[in-house]
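The structure appears below as structure tokens.
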Amino acid sequence: MLDIKLIRNEPDMVRAALSRRGPHAVAALDTLLELDKQRREMLVAVEEKRSLRNSVSEEIAVAKRNKEDASAKIEAMRAVGDEIKAIEARLKDVEAELEAELLQVPNLTDESAPTGGEEDSEVMYKWGTPRQFSFMPKDHLDLAGPADMIDMERGARTSGSRFAYLKGDLVFLQFALVQFALQKLASKGFRPVIVPVLVRDEAMFGTGFFPTDTQQVYRVEADDLNLVGTSEVPLAALHMDEILDESDLPVRYVGYSSCFRREAGAAGKDTRGIFRVHQFDKVEMFSFCAPDKSREEHDFMRSIEEEVLQDLGLPYQAVNIAAGDLGAPAAKKYDLEAWLPTQERYREVTSCSNCTDYQARRLKVRAKGEKGSPYLLHTLNGTVVALGRTMIAIMENYQNEDGTIAVPAVLKPFLPAGKEVLGG
RNA sequence: GGAGAAGUGGCCGAGAGGCUGAAGGCGCUCGCCUGCUAAGCGAGUGUAGGAGUGAAUGCUCCUAUCGAGGGUUCGAAUCCCUCCUUCUCCGCCA
């Protein structure tokens, strides 16, 4: 959410920063300004009347104590009370409307995010060299299917399409990756957290997934809860309504959770294997930091993501996402895309976003120093390891001609002793 | 799931329709004082919104805020309703 005061005081700047996302992003600005004006007018009116009522009520109290007659004043205040109620009712409507509009407005874009849509995202650089195969490489499902490490058919029978059973060595691989990631992140000051994956609407609104992305979310109607699509949601909400101690910043967490996505609108896209499924597990980092440090923190997160892929020996490219392709809460986003030999292209495996104060304003996460007033923090999130996609990349890049999969050296300590290949 | 109890400032804790933004204590900040420290004395110390004013750190005033939201009343921390959270007991369960 943007600060209404910023929109009020610097409408041209706001309009310019938002229009880089496309025309839809600025559509509501005039309405917003008009509603804000109405709201403030009503506020002045109602506050004047409340002030009057407060002072006269005080006089009534004094009169009663002195055993004097106050019936005229009481009568007058009864009328004022009715007027207050009338204005309050209209004010409430205007505020609700203002809030609803404001919730739809995406974050301002960072000037270093490229202008334009998806096709304008900028490949910043590449790392590593895609492997030259002396045989025809198989895709992840051709590798893991015959070895009975991925079972799509039974996943579909149990839960429907885009659900899978992962079995055997793939399960060991997943937990090895989790251990590897958690230990690396812990050593960099990120506190490991296992989060609730069912969250209230507040958490979804607070992180900016609601009201715009409701169709992507599994909702448990009976309890008014939502299954999270990423542990970003419960991690961001971890300090909702809190004022953190400035000296503790940055506050960094690494979460591990299952993630649930309806993938509405993705019909027919990435239908093979586990590249795009309704449920997957992910190790996610999250940071609350001082406003003037978030760019630095964003680069730090990207460097961690790169370190993970480099440690795993997976060739990748880093992409600076264009303004028009950013999610609503993000001011700037980097994706890392790993090389998939059978698709002969780079595919997204991690993503990290600087949400500036957009989520913090909604969630009311602030910090305060020795002196001065509380201020909103900046929030950042980034994928450490998206387990499904990272395992796909490992399988495809590390495959042997016989269909087994070699193990990246850094994972060996986290796999069962003596396991040299997966799926053998 | 059933039955009870409770939620007050950074913390503890009083208050039970008006004189309460909230006693008292602790903590914290500033000042005074005392060889140092401790103690003592004095003052200050929540958040948000709005109006006015200034070049500006700001200042003045108003409004709201005693878990959240409604209601009763001229007036609600205090009375009523709904919800949330915590605790105790019973049931169930990994």
Handout entry: Pairwise C1' distance for B:rC19 and B:rU82, with rounding to whole Å
Key = 33 Å

Exercise for the section: Check every strand shown and say whether A:K85 touches a base, only sugar-phosphate, or nothing at a heavy-atom separation below 4.0 Å. Expected result: sugar-phosphate

Handout entry: Any donor-acceptor N/O pair, A:E396 side chain to A:H140 backbone, under 3.5 Å
Key = yes

Practice task
Nearest whole angstrom, please: distance from the P of B:rC74 to the CD1 of A:I74.
Solution key: 7 Å

Handout entry: Whole-angstrom distance between B:rG9 and B:rA14, as gauged at atom P
Key = 13 Å

Problem - Check: A:N400 main-chain N/O paired with A:T404 side-chain donor or acceptor under 3.5 Å - result: no

Handout entry: Separation of B:rA76 P from A:E58 CD (nearest whole Å)
Key = 13 Å

Problem - Secondary structure string for RNA chain B (Watson-Crick or G-U under 3.5 angstrom, | for other-strand pairs) - result: ((((((((.[[[..)..(.....]]]((((((.......))))))((((((((....)))))))).[[[[[..)....]]]]])))))))....

Practice task
Determine the interatomic distance between C1' on B:rC62 and the same-named atom on B:rG10; round to the nearest Å.
Solution key: 27 Å

Practice task
Nearest whole angstrom, please: distance from the P of B:rG10 to the CZ of A:R366.
Solution key: 10 Å

Practice task
Using the C1' atom on both, measure B:rG21 against B:rG46 and round to a whole Å.
Solution key: 9 Å

Handout entry: Under 3.5 Å side-chain donor-acceptor pair for A:Y316 and A:T350
Key = no

Practice task
Can you spot which of A:N320, A:T109, A:L380 makes a side-chain contact (heavy atoms from CB on, under 4.5 Å) with A:K332?
Solution key: A:N320

Handout entry: Full working for side-chain contact (heavy atoms from CB on, under 4.5 Å) between A:L108 and A:V14
Key = CA-CA 7 Å; A:L108 301 179; A:V14 170; 4.0 Å; yes

Handout entry: Atom-to-atom span, CD of A:E202 to C1' of B:rC83 - whole angstrom
Key = 12 Å

Exercise for the section: Determine the interatomic distance between C1' on B:rA16 and the same-named atom on B:rA77; round to the nearest Å. Expected result: 9 Å

Problem - A:M240 CE to B:rU47 P, straight-line distance once rounded to whole Å - result: 21 Å

Handout entry: C1' spacing across the pair B:rA76 / B:rG2, given as an integer number of angstrom
Key = 33 Å

Handout entry: Nearest-angstrom distance, C1' atom, B:rA23 to B:rG15
Key = 8 Å

Practice task
Specify the separation, in whole Å, of atom CZ of A:R65 and atom P of B:rC74.
Solution key: 18 Å

Practice task
Do nucleotides 49-66 of chain B as a string where each nucleotide becomes B, S or -: B if the base has a protein heavy atom under 4.0 Å, S if just the sugar-phosphate does, - if no protein is that close.
Solution key: BSS----------BBS--

Practice task
Take the angle between the ring planes of A:F163 and A:H278 and call it parallel below 30°, perpendicular above 60°, tilted in between.
Solution key: tilted

Practice task
Provide, to the nearest angstrom, the distance between the CZ atom belonging to A:R200 and the P atom belonging to B:rA68.
Solution key: 15 Å

Handout entry: Distance-only side-chain donor-acceptor flag, A:T230 / A:K282, under 3.5 Å
Key = yes

Practice task
Rounded to whole angstrom, note down the C1' distance from B:rG17 over to B:rA22.
Solution key: 15 Å

Handout entry: Length of the NZ-P vector between A:K368 and B:rC28, whole Å
Key = 14 Å

Fill in the blank from the handout: A:D299 meets the salt bridge (Lys or Arg N to Asp or Glu O under 4.0 Å) criterion, sequence neighbours left out, with A:R302

Practice task
Consider only side-chain N and O atoms of A:S231 and A:E284, and report whether a donor and an acceptor are under 3.5 Å apart.
Solution key: no

